[in-house]
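Counting convention: from 1, in listed order, for ligands and their atoms alike. None of these values were measured; they are calculated from a predicted model.
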Amino acid sequence: MTKLLELQGVSKTYGKNTVALSEINFSVNEGEFVSVIGPSGAGKSTLLRCINRMIDSTSGEINFDGQAVQKLNKKALRQFRTKIGMIFQHYNLVDRLTVFENVLHGRLGYKSTLAGAFGFYTDEEKRQALELLSILGLESQVYKRCDQLSGGQKQRVGIARALVQKPKLLLCDEPIASLDPNASKVIMDYLQTICKSMGITVMVNLHQVDVALKYSDRVIGISKGEVVYQGDPRFMKEEEIHHIYGSEAGELIFNLSEESHYVG
Ligand SMILES: Nc1ncnc2c1ncn2[C@@H]1O[C@H](COP(=O)(O)OP(=O)(O)O)[C@@H](O)[C@H]1O
Ligand SMILES: [Mg+2]
């Protein structure tokens, strides 16, 4: 197994005393589907943002694809960012633009500012954007404005925009938190396909334990900025879920024992 990502003693403090991450250690192998679970405020978003350097960690080391992430200069950082796609809870699309234009934005990291500003895309880039939209079941939405789409469709546009970048790693920050159960399942199934058929490593922040257990090769549990669990979801015990979620856990475990949409 090839290691794609490794974090060693990574900490992040906002301002003077908000410790969001404290001495985080873990690694992710190529092709793995990893979920990060934990209550609100645990540090999940901070963790993903440190990995792709949307924000700078305070200390520790992050290694991605053989590169020391925190040491990249401006030019290397641009190139590095093309290798990591990201999708968000609120999609982060440009609503007044078309689906097609939003997806092509995924290519901006490869272009000069000028070419990007004028919307110069090659025929090959356009072909790839259309192919991804078709894989994601959006062929009839290509020329629609994004504000006319449902949440589930918007998230699929977000996925297509991330994939057109040809990333090695896809980071997903609460990708289903704004979606109903049916749309959530569609999105999670696509993420699984992207990982297992396209070979792209997927790391997803989730609030829902049942979803994490169903889809992941490995679960990383964080609580108050610390990794408190790492392992195969099949062997995860109730008390470990309790440990991650603290007082929120009762309700979550109750949901798990219900006829869940995801489990089974
Ligand atoms: N930009 C920021 N400035 C200051 N504090 C922040 C910022 N972003 C997050 N935090 C704090 O860091 C901690 C972790 O937040 P976050 O990474 O958003 O957690 P999660 O995604 O698990 O809900 C929380 O205490 C939060 O209030
Ligand atoms: Mg978050």
Nearest-contact summary for [atom] - protein heavy atom, Å:
atom: atom 17 (O) of ligand 1; result: Thr46 OG1, 2.5 Å
atom: atom 3 (N) of ligand 1; result: Tyr14 CD2, 3.5 Å
atom: atom 19 (O) of ligand 1; result: Gly43 N, 3.1 Å
atom: atom 18 (O) of ligand 1; result: Ser45 CB, 3.9 Å
atom: atom 26 (C) of ligand 1; result: Thr18 CG2, 4.8 Å

TODO: Could you check if a side-chain atom of Ile222 sits within less than 4.5 angstrom of a side-chain atom of Lys44, using non-hydrogen atoms only?
DONE: yes
Task: Residues Lys214 and Asp210 bridged, charged N to O under 4.0 Å - done: no
- [ ] Kindly indicate whether atom 10 (N) of ligand 1 is approached by any protein heavy atom to under 4.0 angstrom.
- [x]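 For atom 10 (N) of ligand 1 the answer is yes, since some protein heavy atom falls inside 4.0 Å.
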- [ ] Scan the protein's non-hydrogen atoms and note whether one is under 4.0 Å from atom 14 (C) of ligand 1.
- [x]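 Under the 4.0 Å cut-off, atom 14 (C) of ligand 1 does have protein heavy-atom neighbours.
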Open item on the list: Given 3.5 Å as the limit, does a donor-acceptor pair link the side chain of Thr98 with the main chain of Lys144, or not?
Closed with: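 Flag not set: sc Thr98 to bb Lys144 has no pair under 3.5 Å.
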- [ ] Report yes or no: does Gly41 have a heavy atom closer than 4.0 Å to ligand 1?
- [x] yes
Going from [atom1] on [X] to [atom2] on [Y], what distance comes out if it is rounded to the nearest 0.5 angstrom?
X: Leu130; Y: Arg127; atom1: CG; atom2: CZ; value: 9.0 Å
X: Met86; Y: Leu170; atom1: CE; atom2: CG; value: 9.5 Å
X: Leu4; Y: Asn63; atom1: CG; atom2: CG; value: 10.0 Å
X: Ser11; Y: Glu226; atom1: OG; atom2: CD; value: 9.0 Å

- [ ] Assess Ser40: does it contribute an N, O or S atom lying under 2.8 Å from the Mg ion (ligand 2)?
- [x]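 Under 2.8 Å: Ser40 has no N, O or S contact with the Mg ion (ligand 2).
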For ligand 1, which atoms, with element, lie under 4.0 Å from some heavy atom of [X]?
X: Pro39; value: 22 (O)
X: Ser40; value: 23 (O)
X: Lys44; value: 17 (O), 19 (O), 20 (P), 21 (O), 22 (O), 23 (O)

Open item on the list: Between Gln155 and Val186, does the side-chain contact (heavy atoms from CB on, under 4.5 Å) criterion hold? Intermediate values first, please.
Closed with: CA-CA 10 Å; Gln155 193 56 289; Val186 170; over 6 Å; no
